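Take a look at the structure below.
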Amino acid sequence: MTPEQIAAASKPIVLELGDAYTRCPTTLRRARLLGISGWAFYITGRAGALGDVRAETAAAALGFIEPDAVADGWDAAARTIRPFEVALASLAECCRWGDERLSAFPAVERLADLLERAVLAADASGMPLFAAWRAVTAPRQTPGARAAARLRLLREHFAGAHLLAVRASGMSPLEAVLAGPEGEAGAVACGWPPPYPPVGPLVRRRLWAEAVTDRLTAAAFAALGPADGTELLDLLAGTRAHLSPR
């Protein structure tokens with residue numbers, strides 16, 4: 001498989017697994033302990049790696065979430081706690097989830113090693129959120145925690161690359177969400193209010209943006225080589241199966 005093919009095949013799995021810890025009830029309890037809402041914890045837990053920036057900057061980095069919705073979460077959290085502290089709490093929950101859910105996966109150490117190589121080789125140009133997170137040291141270094149933290153980081157790499165590709169295609173972030181698999185439901189989840197523009201004319205641009213995303217993220221997988229890249233893809237599929245309800 002080529003690096004672009006590995007990127008395309010791994011992308012949906014990484015997007016799913018890299019965000020899985022945010023839906024864990026224990027993660028949501030952490031937000032309450034910090035005195036903020038789940039939404040504020042999610043927004044600031046992602047963009048807080050940028051530090052004490054304005055809500056507009058956080059919204060620009062996140063890209064696909066409606067700016068006012070970002071501001072609602074960001075400003076609400078900032079009245080209680082500094083953004084970077086929320087980001088560290090979010091990362092701690094990610095590592096805790098990895099310890100609990102991934103440690104029993106037989107090849108978790110190999111998965112963590114391959115993910116580590118991929119994120120270190122990834123090009124962070126034009127992706128400030130990915131670059132900021134890559135500079136943060138995870139609080140736990142067990143194989144499960146390492147794998148979870150690197151899945152989250154690789155997810156931010158895909159998200160950052162896709163934002164660049166979408167803007168280059170001429171689509172707005174809202175249009176890209178509407179043309180995606182979740183359609184209007186995805187737009188609502190990201191805080192975009194209706195009415196929405198028609199989706200039909202956007203499909204071809206969306207496909208082009210997906211291909212460019214694969215090209216932009218391919219460097220991370222090229223560093224692994226064909227054999228290790230294919231192995232990583234197999235391990236990602238195995239991890240998703242391991243986490244699936246039986």
Side-chain angles (χ1 to χ4, degrees), residues 15 18-25 27-94 124-136 152-153 155-197 199 202 206 209 213:
L15 293 177
D19 194 45
Y21 81 98
T22 65
R23 297 182 290 276
C24 174
T27 300
L28 298 176
R29 282 198 296 271
R30 184 65 172 267
R32 292 195 294 271
L33 291 174
L34 293 175
I36 60 179
S37 69
W39 179 250
F41 187 77
Y42 176 77
I43 292 296
T44 313
R46 283 187 64 195
L50 299 172
D52 296 330
V53 300
R54 296 176 61 87
E56 294 88 347
T57 303
L62 292 170
F64 296 105
I65 303 175
E66 199 273 333
D68 287 341
V70 172
D72 286 345
W74 184 266
D75 292 339
R79 288 192 289 268
T80 302
I81 184 172
R82 295 186 67 179
F84 192 67
E85 292 181 42
V86 181
L88 291 179
S90 179
L91 180 57
E93 289 302 317
C94 177
S125 301
M127 304 179 198
L129 198 52
F130 169 70
W133 272 115
R134 190 162 62 176
V136 179
R152 171 191 171 140
L153 188 52
R155 182 186 186 279
E156 291 292 359
H157 185 53
F158 274 119
H162 193 53
L163 182 59
L164 290 174
V166 162
R167 301 305 288 129
S169 75
M171 285 192 294
S172 70
L174 169 59
E175 289 173 332
V177 173
L178 288 171
E182 297 182 2
E184 292 189 1
V188 171
C190 290
W192 298 97
Y196 302 122
V199 175
L202 305 175
R206 168 78 187 204
T213 301

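For this chain, numbers begin at 1 and follow the sequence in order. From a predicted model like this one, the values you see are computed outputs, not experimental measurements.
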Please check if the side chain of [X] supplies one atom and the backbone of [Y] the other of a donor-acceptor pair under 3.5 Å.
{"X": "Thr27", "Y": "Tyr21", "result": "yes"}
{"X": "Arg167", "Y": "Met171", "result": "yes"}
{"X": "Arg155", "Y": "Leu15", "result": "yes"}

Could you tell me which non-hydrogen atom of [X] sits nearest to which non-hydrogen atom of [Y], and how far apart they are?
{"X": "Val136", "Y": "Phe84", "answer": "CG2-CE1, 4.1 Å"}
{"X": "Leu129", "Y": "Glu156", "answer": "CD2-OE1, 3.6 Å"}
{"X": "Ser172", "Y": "Val166", "answer": "O-CG1, 3.8 Å"}
{"X": "Arg46", "Y": "Trp133", "answer": "O-NE1, 2.7 Å"}
{"X": "Pro173", "Y": "Gly63", "answer": "CB-O, 3.2 Å"}
{"X": "Ala31", "Y": "Phe41", "answer": "CB-CB, 3.5 Å"}

Does the side chain of [X] reach to within under 4.5 Å of the side chain of [Y], using non-hydrogen atoms?
{"X": "Pro67", "Y": "Trp192", "result": "yes"}
{"X": "Leu178", "Y": "Pro197", "result": "yes"}
{"X": "Tyr196", "Y": "Val177", "result": "no"}

Any chance you could measure [X], atom [atom1], to [Y], atom [atom2], to the nearest 0.5 Å?
{"X": "Thr213", "Y": "Phe158", "atom1": "OG1", "atom2": "CZ", "result": "9.0 Å"}
{"X": "Ile65", "Y": "Leu174", "atom1": "CD1", "atom2": "CG", "result": "13.0 Å"}
{"X": "Ile36", "Y": "Thr44", "atom1": "CD1", "atom2": "OG1", "result": "5.5 Å"}
{"X": "His162", "Y": "Met127", "atom1": "NE2", "atom2": "CE", "result": "12.0 Å"}

Fill in: Over 12 non-hydrogen atoms of neighbours within 6.0 angstrom of CD in Glu56
yes

Worksheet entry | Pairwise side chain to side chain donor-acceptor pair (under 3.5 Å) hits with a residue in residues 64-84, at least two apart | Asp52-Arg82

Item to complete: Before giving the answer on side chain to side chain contact (heavy atoms under 4.5 Å, CB included), spell out for Tyr42 and Asp19 the whole-Å C-alpha distance, their side-chain angles and the decisive distance to 0.1 Å.
Response: CA-CA 10 Å; Tyr42 176 77; Asp19 194 45; 3.8 Å; yes

Discussion item. What verdict does the side-chain hydrogen bond (donor to acceptor under 3.5 Å, both in side chains) test give for Arg152 and Ser90, after you've listed the backbone C-alpha separation in whole Å, the side-chain angles of each residue and the deciding distance to 0.1 Å?
Written reply: CA-CA 11 Å; Arg152 171 191 171 140; Ser90 179; 3.0 Å; yes

